[in-house]
Every structure is written in C-alpha cells, then in structure tokens.
Amino acid sequence: MGDGRTILRGGRLVATGVRTDIEIGGRHIAAVGDVGSGANARVIDLDGAWVAPGFVDLQINGAFGHDFTRDPASMWTVGERLRDHGVTAFLPTLVSTDLESIAVARTVAAAGPPPGYRGAQVWGLHVEGPFLAPERAGAHDATKLRPPHPDLVAGWSPETGVAMATLAPELPGALATIRALVAQGVVVSAGHSAATYDEAIAGFDAGATAVTHLFNAMSGTDHRSPGLATAAVADRRITASLIVDHIHLHPGTTRAAWRALGAERTMLVTDAIAAVDAPDPAGGSTLGSHAVHIGDHGPRLAGGVLAGSLLTLDAAVRNLLDATDSSPAEAVATVTSTPARLLGRRRRIAAGEPADLTIVDADLAVTGTVIGGDFSGRLNERTV
C-alpha cells in the first residue's frame, strides 16, 4: 500500500506517495515509482491515506434492497454502489434454486454490464447450492436441494457466467461433479456439508480448493471425529472464507482461524443480503425464497437460523483487525490478493496490472475507489 496524493490527467491517474508512486494509463497501471504531475491535472490530495489493490468479495447474495437469486439483473445496480465500500470486483451469489434460474443468472452475468456502468466488476457468479447436505442447509431452501451430477453442471464455466460453486463433497456424485467443474474452469468450494475428515480430503483431492464460510454450516472440530472445518484448516491447499461480523464467528474463533491460516489462506467475504443499507431493513428482507427478519443478532429466518449478514467488505477488514493481531497490510490481503489468487487472477500494485484500487484512511475507512482507471471518492480536489 502507498500513501500520498492522486492525480488525474486526462485518461490517466497518478498517485504520488511517500512509499509508492502509481501512474495509471487507461485501465492498467502504467508505472510504479517516481511519477511527475505534469500540467492541467486534477489533483486529489490523499492526506496520508493508503492506496491498496481493489477489494474483492467472492460471496455476496445482494444488498441495497436487491436479492440476486430473485433478480439477477440487479447485480449491476448493486455493483454501482459497492464501489462506495471499496469493492472493485465481486461474485454475485445465488443461494439454492432451480437450474433454470441459475441459467437465467448465467446469461445476465455473461452478457456484461449495461452501457455507462461504473460499478464493481462482475467476475462471474458464485453458485452456492443446490448440491448441499440437507442437514447443513442453513438458510437455504431445503426443497431446492438435489444430489450433484456432472450432467447438471455441463456448460458451467467462467465464460458462461459461473466462476465459483459451493457443494457438499460427501454427497453421492459430488467427487465426479467437482472434477467436472474444475475441468471447466470453475473454482469449487466445499460448504454446507456434514463431511467427515476423510470425505473432505477426498473433495480436496478431487479439486476443491476452498471452503465456504469456515465453521458455519459444516461439520466441525471434534478432536476424535474431525470434519470439514478441521480438514480445511489442516490442508494447506485450501483457502477458507470467513464472515467476520462478530455474529457468525466469536472473535476468539476468528483469532484461532487467523493464527492457523494467515493472510495467504484467509479470505474475507460478506455473505451480505438485500437488507444491507436497504431503505427499511427492520421491516424484513429476503434471501432467495425465504423471508428474513432483522434483529439485534443479525438476519435470521423465522426459526432463528442465521440468513447471511448485514456486513460490508470494508467493515469486515476493520473487524478482522479488531479481532486479531493482523497488520493492516495483512488484513487488506484477505480481500485483495488472496481471493484474486483463488480465481487465478491477481490484485497488486505493479506496472501492467489492472487499475483497480481502493483508497482508505488510517482507520481503513474507504475514501476513494478506482475501477478500470475510473476514480470516484470523497477526497479534496484541486487543479494544477
């Protein structure tokens, strides 16, 4: 991360910092080092703020009154506002639904944004279900669940709108489905699962490289009969996502996971639902086909089951800092380089990299965002 000032010159943006100077030409970083301001430039003074690689959220069900499972086209409306929270790329996430609805959402994602779109980039869908263990379904609609089979995911790929899929590796047909998805370029995450330790490892051996919201909706850490959570922590091939809202995980659990996983294997996600910054979240919300009630202990179904979160990604980073001994740079890595690497992408400040940046102050509150070289934010501007 670097601090200093940001300069917009025509189609170029320059951030001149004490530690890092960044020049952006078009949609990519042109140079890192000593950069001159030139003439006729708009200057945005960062006043000690930090410039980080752009934030990435790989699990978000909706926000601002919109639910992606119900209305996949709303991903573009949500994406426009996510940049206010420093998010430069995300995976709109579908909870368990029918295959026809998944096909509709794939079409929306693959078609790309509408003209004039300035929001966070959609890197594809995260299809969470319907191949989940019924006893670990959580807030998913149990009537939508079904056993996995390679034929059911034929055609799923990043090119056709699916970047990531969550399934339970112990289900009949799961291992063959994992292998098929991986061959098609989809990142597979194990989750909503009652897998034994050995069943979890079999899923990893088949190609799963992630675990969805570690400790939540999965077999746990019994010392004689370990399950998916233990397997995920023990296996260095696995990146584990965490929902750090201090509701899904006790801060002590967050600290233990952080000590075991570190920045390279910890990925923060929001699992946010439509109620986030909605006009009247207290009046109720939705998660897929379920009504959700908003209270002091998070969004829940009528029976008390947690149903996603009210978290934003910038708040998740601050919560991680509060709960652990992570440095700001390490905390930022959990929403930048780590999730990007999981998807075979990169998030770093270097020449030739995409010009996707998040500007934060000393408290890690977002003050500006750059997406594809396009800057917006709440910083003081002047002309030189």
Side-chain angles (χ1 to χ4, degrees), residues 57-62 67-69 91 93-97 126-148 164-171 174 177-178 187-197 199-201 203-204 208-222 225-233 235 238-250 253-254 256-257 261 266-273 285-290 292-293 297-311 316:
D57 191 350
L58 299 192
Q59 186 178 6
I60 172 172
N61 309 292
D67 181 291
F68 299 140
T69 305
L91 300 187
T93 302
L94 307 181
V95 295
S96 295
T97 187
H126 178 170
V127 182
E128 187 187 11
F131 313 126
L132 310 179
E135 64 269 43
R136 298 286 183 168
H140 288 247
D141 186 342
T143 68
K144 303 294 185 182
L145 303 184
R146 60 189 303 170
M164 189 172 184
T166 291
L167 55 74
E170 75 277 14
L171 297 177
T177 304
I178 292 171
V187 172
V188 177
S189 186
H192 286 276
S193 165
T196 65
Y197 183 92
E199 289 169 335
I201 295 298
F204 304 159
T209 52
V211 164
T212 297
H213 42 57
L214 183 65
F215 298 117
N216 294 116
M218 66 179 61
S219 48
T221 56
D222 185 276
S225 181
L228 175 57
T230 302
V233 172
D235 196 312
I238 299 304
T239 299
S241 69
L242 300 179
I243 306 170
V244 186
D245 59 355
H246 301 331
I247 296 173
H248 281 78
L249 299 174
H250 185 281
T253 305
T254 301
L261 299 170
T266 300
M267 174 177 70
L268 300 188
V269 297
T270 61
D271 199 23
I273 65 170
S285 184
T286 62
L287 178 61
S289 57
H290 285 314
V292 176
H293 303 275
H297 301 289
R300 296 180 182 266
L301 303 186
V305 175
L306 268 173
S309 85
L310 303 178
L311 190 62

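None of the values given here were measured: they were computed from a predicted structure. For reference, positions follow the sequence shown, starting with 1.
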Task: Trace of the side-chain contact (heavy atoms from CB on, under 4.5 Å) decision for I273 with L310 - done: CA-CA 7 Å; I273 65 170; L310 303 178; 4.3 Å; yes

Task: side-chain contact (heavy atoms from CB on, under 4.5 Å) between I178 and F204, intermediate numbers included - done: CA-CA 9 Å; I178 292 171; F204 304 159; over 6 Å; no

Open item on the list: If you apply the rule side-chain contact (heavy atoms from CB on, under 4.5 Å), what do you find for Y197 with D222, and how did you get there?
Closed with: CA-CA 10 Å; Y197 183 92; D222 185 276; over 6 Å; no

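Residues H192 and H140 bring their aromatic ring centres within 6.0 Å.
Residues that satisfy the side-chain contact (heavy atoms from CB on, under 4.5 Å) test with E170, not counting sequence neighbours, are A133, A168, S193, A194, A195, E199. By the ring-ring contact (aromatic ring centres under 6.0 Å, His included) test, H126 pairs with no residue at all, sequence neighbours left out. Partners of D235 according to the salt bridge (Lys or Arg N to Asp or Glu O under 4.0 Å) rule, which considers only residues two or more places apart in sequence or in another chain, are R237.
Scanning all heavy atoms of the two residues, the minimum distance from A316 to L268 falls at O-CD1, 3.5 Å. For T93 against L58, the heavy-atom pair with the smallest separation is OG1-O, 3.9 Å. In this structure, V292 and A307 approach most closely via the heavy-atom pair CG2-CB, 3.9 Å. A pairwise comparison of heavy atoms in F215 and A257 identifies CE1-CB, 4.1 Å as the closest pair. When all heavy atoms of F131 and P148 are compared, the pair lying nearest together is CD2-CA, 3.5 Å. Summarising the geometry of H248 relative to N216, their closest heavy-atom pair is O-ND2, 3.1 Å, with the distance given to 0.1 Å.
The side-chain heavy atoms of T253 and L214, taken from C-beta on, include no pair separated by under 4.5 Å. By the 4.5 Å heavy-atom criterion applied to side chains, R300 and I247 are counted as neighbours.
Side chains of T166 and T212: a donor-acceptor N/O pair is present below 3.5 angstrom, by distance only. Under 3.5 Å, the side chains of S309 and D245 contain no donor-acceptor pair of N or O atoms. For the 3.5 Å distance criterion, the side chains of N61 and D67 fail to qualify, holding no donor opposite an acceptor.
The distance from the CG atom of L91 to the CG atom of D57 is 8.0 Å, given to the nearest 0.5 Å. Interatomic distance, D141 CG to L132 CG, rounded to the nearest 0.5 Å: 11.0 Å. From H213, atom NE2 reaches atom CG of L249 across 10.5 Å, with rounding to the nearest 0.5 Å.
Proximity of a side-chain donor or acceptor of S241 to a complementary backbone N or O of T239 within less than 3.5 Å is not detected. In this structure, the side chain of T230 engages the main chain of G220 through a donor-acceptor pair within 3.5 Å. The closest donor-acceptor contact from the side chain of S219 to the backbone of L228 lies under 3.5 Å. In this structure, the side chain of T69 engages the main chain of V95 through a donor-acceptor pair within 3.5 Å.
Counting non-hydrogen atoms of other residues, nucleotides and ligands closer than 6.0 Å to NE2 of H250 gives a total of 12 or fewer.
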